[in-house]
Amino acid sequence: MQVFKAFFKIAQKRLSAALIYFAIYAAITIVLSATTKDFYADQFKATSLTISVTDNDASTASKALVHYLSSLHNVSDLGDDKDAILDRMYYRTLDYALTIPAGFEEKLLSGDTEELLTSAVIPGSNNSYYVDQQISQYLATLKLYLAGGYDIDASIAATDEAAASVPDVKTVSFHDESKTMNSSVFYYFQYMPYVFIVILFSGLAPILVILNGKELKARTVCSSLTPRKRIGEMSAGCVLYSLGIWALFMLLCLLLYGPALWTESALLLAVLNSFVFLLISTALTLFISCFGFDDNILNMVSNMLGLSMAFLCGVFVPQSMLPASVLSAAKFLPAYWYIRANNMLAGFGKEIFDMDFYLQCIGIQLLYAVAIFIITFVIARQVRRR
């Protein structure tokens with residue numbers, strides 16, 4: 001067991017790098033868990049905006065519209081000062097500016113819908129759709145009562161009553177709740193691909209590089225230890241090291257979210273998903289260690305590989321927000337399938353849980369792990385022959 005003991009003696013000296021990444025990850029996870037709520041309950045929520053209304057008509061109808069908007073948003077009157085409006089929009093203190101032109105009520109009574117209102121919004125903002133929809137609904141209801149023979153005062157009263165009697169909306173999830181994680185656990189498993197790669201590259205790869213170094217390897221070959229036994233002891237060390245890192249993360253999950261969550265099938269499936277990606281990370285670590293890079297190059301490669309997969313595959317940026325061209329390229333990376341499975345388990349990004357597709361994601365990741373292990377074996381064999 002000389003090689004096995006040497007493996008963990010080296011690992012003990014290089015344990016600090018792995019523990020630093022683990023501590024950083026644990027801190028980030030705790031912060032996210034404390035600041036994120038279950039997004040199913042808060043997925044749809046009305047929001048008050050800061051808007052400006054300039055009423056140049058000062059009629060009964062225009063005042064009714066201003067009163068209606070005031071009940072929903074923070075309304076102020078900046079008059080016709082365009083510079084003030086532009087300045088506040090530039091500094092993001094004003095979301096929407098509405099101008100009610102003179103003759104608004106006359107056009108409304110005559111049924112003329114052309115250029116009833118004018119508005120200005122922050123370029124690229126979606127807030128205009130939100131306010132425009134509310135205004136359109138209010139005016140459509142008002143015109144409906146006017147068309148029915150009501151006078152302007154009666155129409156406004158009926159419209160206000162209809163607006164006030166909007167029923168409460170309850171968000172209904174069509175996901176299988178037994179297969180759905182809460183958002184805190186989702187974020188915990190979301191960042192594991194990047195963390196596994198960085199920790200194993202910085203902790204495990206240098207150990208293998210040292211053991212496969214020319215001098216240490218020559219001394220081992222000169223001993224009575226057979227090459228097969230040497231590789232077996234190194235493999236056992238790699239397995240225990242990787243499993244130890246994975247078990248540490250699962251223990252942290254248990255401490256953060258309690259044992260009750262571990263009875264949920266969604267969490268168990270997430271654990272399986274993380275274990276499969278651990279195999280991929282271990283295979284990549286073995287592959288990169290075949291080239292004998294020093295610590296600086298290993299750190300550079302780990303960050304390049306980890307960050308590229310994290311940004312392309314949806315670890316840091318949700319897959320639902322990535323362009324189709326990026327996702328098409330990301331499908332050739334194993335982290336993409338890990339994130340797809342994790343998204344399904346949390347119902348994130350409009351993903352609906354499908355056990356068949358989950359197993360497909362797991363199977364694709366296993367194929368990646370097997371392929372990388374085979375390539376690593378072939379390269380290591382060629383290095384030994386040289």
Side-chain angles (χ1 to χ4, degrees), residues 1-26 29 188-189 191-213 216-217 220 225 227-255 271-303 305-306 309 334-335 338 365-366 368-377 379-380 383-384:
M1 300 295 286
Q2 294 91 340
V3 175
F4 185 79
K5 292 179 181 178
F7 180 98
F8 282 100
K9 284 183 180 179
I10 300 172
Q12 186 177 3
K13 293 182 179 181
R14 306 190 65 89
L15 190 61
S16 58
L19 290 179
I20 289 173
Y21 282 106
F22 176 80
I24 293 173
Y25 178 80
T29 302
Y188 183 85
F189 284 96
Y191 302 108
M192 278 193 177
Y194 172 72
V195 178
F196 277 165
I197 289 175
V198 173
I199 286 182
L200 292 181
F201 271 48
S202 61
L204 178 58
I207 301 173
L208 298 175
V209 170
I210 293 173
L211 290 175
N212 288 321
L216 187 57
K217 187 175 181 181
T220 307
L225 192 68
R228 180 174 296 181
K229 190 173 182 181
R230 174 180 175 275
I231 294 174
E233 291 184 14
M234 287 179 60
S235 300
C238 291
V239 170
L240 288 179
Y241 187 94
S242 300
L243 287 178
I245 295 295
W246 179 76
L248 201 58
F249 280 107
M250 297 305 106
L251 178 61
L252 177 61
C253 182
L254 181 64
L255 293 175
V271 169
L272 174 61
N273 193 31
S274 67
F275 178 77
V276 173
F277 196 87
L278 176 76
L279 298 178
I280 296 174
S281 302
T282 305
L284 287 171
T285 304
L286 295 175
F287 172 77
I288 203 67
S289 65
C290 293
F291 300 97
F293 295 137
D294 59 24
D295 289 358
N296 292 329
I297 297 180
L298 285 174
N299 290 330
M300 182 183 67
V301 173
S302 68
N303 281 295
L305 183 62
M309 280 207 289
Y338 173 91
Q365 292 181 75
L366 287 174
Y368 271 107
V370 172
I372 298 171
F373 275 123
I374 293 175
I375 295 172
T376 303
F377 175 78
I379 293 177
V383 173
R384 286 199 303 271

Task: Gap between atom CH2 of Trp246 and atom CZ of Phe277 - 0.5 Å precision - done: 15.0 Å
Task: Pairwise distance CD1(Ile288) to CG(Leu208) - rounded to 0.5 angstrom - done: 12.0 Å
- [ ] Show the numbers, then the answer: is there a side-chain contact (heavy atoms from CB on, under 4.5 Å) between Val370 and Leu279?
- [x] CA-CA 9 Å; Val370 172; Leu279 298 178; over 6 Å; no
Open item on the list: Would you compute the distance between atom CD1 of Ile199 and atom CG of Leu248 and round it to the nearest 0.5 angstrom?
Closed with: 8.0 Å
- [ ] For Phe189 and Met250, work out which heavy atoms get closest and say how close.
- [x] CE2-CE, 3.9 Å
Open item on the list: Testing Asn299, Ile10, Leu298 one by one against Pro206 for a side-chain contact (heavy atoms from CB on, under 4.5 Å), which residue passes?
Closed with: Leu298
Task: Qualifying residues under ring pair (Phe, Tyr, Trp, His ring centres under 6.0 Å), relative to Phe22, sequence neighbours excluded - done: Phe249
Task: Spacing of Leu200 atom CG and Cys238 atom SG [to the nearest 0.5 Å] - done: 9.5 Å
TODO: Give a yes or no on this: more than 12 heavy atoms of other residues, nucleotides or ligands lie within 6.0 Å of atom CZ of Phe373.
DONE: yes
- [ ] With side-chain contact (heavy atoms from CB on, under 4.5 Å) as the test, would you mind laying out the steps for Asn303 and Tyr194 before giving the verdict?
- [x] CA-CA 9 Å; Asn303 281 295; Tyr194 172 72; 3.5 Å; yes
Task: Distance-minimising heavy-atom pair for Pro193 and Ala335 - done: CB-CB, 4.3 Å
Task: With sequence neighbours excluded, residues passing ring pair (Phe, Tyr, Trp, His ring centres under 6.0 Å) with Phe201 - done: none
Task: Val239 backbone acceptor or donor facing Ser242 side chain under 3.5 Å - done: no
Open item on the list: Checking Phe287 now: which residues fulfil ring pair (Phe, Tyr, Trp, His ring centres under 6.0 Å) with it, not counting sequence neighbours?
Closed with: Phe291
Task: Distance-minimising heavy-atom pair for Met192 and Ser274 - done: SD-CB, 3.7 Å
Open item on the list: Looking at every non-hydrogen atom in both residues, tell me the closest pair between Ser281 and Thr285 and how far apart they are.
Closed with: O-OG1, 2.7 Å
Task: Any Ile207 side-chain heavy atom under 4.5 Å of Tyr241 side chain - done: yes
Task: Closest heavy-atom pair and its distance - Ile280, Ala369 - done: CG1-CB, 3.9 Å
TODO: Working to the nearest 0.5 Å, report the span between CG of Leu204 and CG of Leu286.
DONE: 6.5 Å
TODO: Considering non-hydrogen atoms only, spot the tightest contact between Ile197 and Met309 and give its length.
DONE: CD1-CE, 3.0 Å
Task: CA sep, side-chain torsions, deciding dist, call: Leu284, Phe196, side-chain contact (heavy atoms from CB on, under 4.5 Å) - done: CA-CA 11 Å; Leu284 287 171; Phe196 277 165; over 6 Å; no
